[in-house]
Engineer: 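First, the structure itself, so that you have it in front of you.
Index from 1, following the sequence. All ligand and atom numbering here is 1-based and tracks the order in the structure.
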Amino acid sequence: MRDFKNVKRVVVKIGSSSLVNKDLSINLPVIVNVMENFKNLIDKGIEVVLVTSGAIALGMHELGMSKKPSVMALKQACAALGQAKLMEAYNKASEIYNLKVGQILVNHDDFQVRKRMLYLTNTLDEMFKQKIIPIINENDALAVDEIKVGDNDTLASMIAPIVKADLLILFSDIDGLYDKNPKLYQDAKLINEISEITEELNSMVSDSSTNVGTGGMITKITAAKIATSAKVDMIICNSNRISNILDIINGDVIGTLFKKNEIGITTRDHWLIYSTNSCGAIILDKGLINKLSEKKVSILAKGVTRVTGEFLRGSIIDVLDESGKKIAKGITNFSSNEIDKIKGLNTKEYESVLNHLAKKEIIHANDLVIL
Ligand code: GLU
């Protein structure tokens, strides 16, 4: 048995392959089933958030397409069309159980810009107060590479900490994570519980994106990293039984549980690592890299050997070692141009090079997170 009796808020993610039939038409019984199970959860006093895919697939169906379009604008048009169909189905199904659903569409920017993340949090809080079930998808109609999250496993794991969920359930087309690919090996065993996401685990999983969805096991492991480091338990289980949700809450051992990291990291560090894209990077010399591996210290120009990308003061940048390995991320006090001029110099020498000196640290230790 697992102990989920104190769970008060759950984020559930369902992928396109679970929501559409082979011909990409909508699978209404699944949608109704989701709402029925949500009703049961709500009756038990548990709040739910749904992260749903299916917009692009349904749009493809409406336009009579069988292959995912590669042209961005066409994909976006499919999403605009399909998202409306998707919500229509959820809305109708919710009425059967006297539930209210509301749609939220987001892109990466809504997490990256802290002010926008706050607006998102406030809206979601109010929806809980008004007993409206948030149904969230990426805003695929406007998503382009620079601003998209990219897949809904990751999106769900970014939503879970924002709504302070206790549990994230990712429905998949398999029972959970296996020790080897179950499609290739008959003796593959389902892993019940994972308490640490190791390099070995990362290299074990192979991607298995489908024609309709984006997520494979790799995106699920990424999602697990994001959720568990924000102290949210995560389970991957099979969508062929939507009532798995209730059984999971009741403690049944279903699917693969990724145990939350009890210590976790601060909300700000979590945001910096997982919700922000870097605008460039600085490369540090061995001495400073060694120092950082022992203790978090501020980065001064002396230890910087190179800078890549173009960015302004206040930007989020990566910190790399000489081999290009990313070792930290932080908020810079200098622009890329300024860093290029002062790299390798002592703090005292900065001033003669730059005629203004706001701060002496390139990245202050408080604005730095070691990965
Ligand atoms: N947001 C996409 C859609 O609704 C799906 C992304 C995914 O499959 O993870 O079609």
Side-chain angles (χ1 to χ4, degrees), residues 11-28 30-31 34 49-91 93 101-111 120 134-160 168-174 205 207-227 234 236-239 274-275:
V11 175
V12 175
K13 180 260 169 177
I14 305 202
S16 306
S17 54
S18 314
L19 289 168
V20 298
N21 299 308
K22 278 220 165 69
D23 66 351
L24 303 188
S25 60
I26 194 157
N27 189 334
L28 279 175
V30 171
I31 301 245
V34 169
V49 175
L50 178 67
V51 175
T52 183
S53 306
I56 298 175
L58 291 179
M60 285 162 62
H61 176 70
E62 288 296 309
L63 294 181
M65 296 162 56
S66 56
K67 258 187 94 190
K68 207 173 193 171
S70 50
V71 177
M72 180 67 82
L74 184 52
K75 220 190 296 182
Q76 291 172 322
C78 282
L81 181 63
Q83 181 65 31
K85 292 275 162 205
L86 190 63
M87 276 318 287
E88 189 185 328
Y90 280 120
N91 199 31
V101 295
Q103 167 187 274
I104 295 196
L105 300 176
V106 288
N107 285 127
H108 197 273
D109 275 19
D110 296 299
F111 298 91
L120 174 62
I135 299 194
I136 303 176
N137 195 359
E138 177 128 39
N139 192 0
D140 294 304
L142 296 182
V144 287
D145 283 343
E146 305 83 72
I147 61 158
K148 72 178 181 187
V149 177
D151 71 88
N152 279 1
D153 294 327
T154 308
L155 176 61
S157 69
M158 289 165 86
I159 290 289
L168 166 62
I169 298 177
L170 297 184
F171 274 120
S172 173
D173 51 5
I174 54 171
V205 295
D207 206 5
S208 56
S209 294
T210 60
N211 180 36
V212 286
T214 311
M217 250 329 145
I218 290 179
T219 59
K220 290 186 175 56
I221 301 291
T222 304
K225 263 186 228 158
I226 300 175
M234 187 189 107
I236 303 175
C237 68
N238 205 318
S239 63
Y274 297 114
S275 301

Engineer: Can you check side-chain contact (heavy atoms from CB on, under 4.5 Å) on N137 and M87, steps first, answer last?
Structural biologist: CA-CA 10 Å; N137 195 359; M87 276 318 287; over 6 Å; no
Engineer: Looking only at distances, can you tell me whether any N or O atom of N152, backbone or side chain, sits closer than 3.5 Å to an N or O atom of ligand 1?
Structural biologist: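 Yes, since at least one N or O of N152 sits under 3.5 Å from an N or O of ligand 1.
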Engineer: Where do G59 and L81 come nearest, in terms of heavy atoms and distance?
Structural biologist: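 Minimum heavy-atom contact is O-CD2, 3.9 Å.
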Engineer: Do side-chain atoms of D173 reach the backbone of N238 as a donor and acceptor pair under 3.5 angstrom?
Structural biologist: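 No; judged by distance alone, with no hydrogens or angles, the pair does not exist.
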Engineer: Is the shortest N/O to N/O distance between K13 and ligand 1 below 3.5 Å?
Structural biologist: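 No, K13 has no N/O under 3.5 Å of an N/O on ligand 1.
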Engineer: Can you list the ligand 1 atoms lying under 4.0 Å from a non-hydrogen atom of D151?
Structural biologist: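 Selected atoms, number and element: 9 (O).
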Engineer: Going by the atom numbers of ligand 1, which of them fall below 4.0 Å from some non-hydrogen atom of G54?
Structural biologist: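 That gives atoms 3 (C), 4 (O), 10 (O) of ligand 1.
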Engineer: Is there a polar contact, in the sense of an N or O pair closer than 3.5 Å, between A55 and ligand 1?
Structural biologist: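 Yes, A55 has an N/O under 3.5 Å of an N/O on ligand 1.
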Engineer: Establish, from distance only, whether the side-chain atoms of E138 and N107 form a donor-acceptor pair under 3.5 Å.
Structural biologist: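 Checked: E138/N107 side chains pair up, N/O donor to acceptor below 3.5 Å.
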Engineer: Do any N or O atoms from the side chain of D151 and from the backbone of D153 form a donor-acceptor pair under 3.5 angstrom?
Structural biologist: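 Yes.
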Engineer: What part of I56, side chain, backbone, both or neither, has a heavy atom within less than 4.0 angstrom of ligand 1?
Structural biologist: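 It is both backbone and side chain that touch ligand 1.
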Engineer: Any non-hydrogen side-chain atom of Y274 less than 4.5 Å from a side-chain atom of K225?
Structural biologist: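 Yes; the side chains approach each other to less than 4.5 Å.
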Engineer: Using a 4.0 Å heavy-atom cut-off, say whether D140 meets ligand 1 through its side chain, its backbone, both or neither.
Structural biologist: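 For D140, the contact with ligand 1 is made by the side chain alone.
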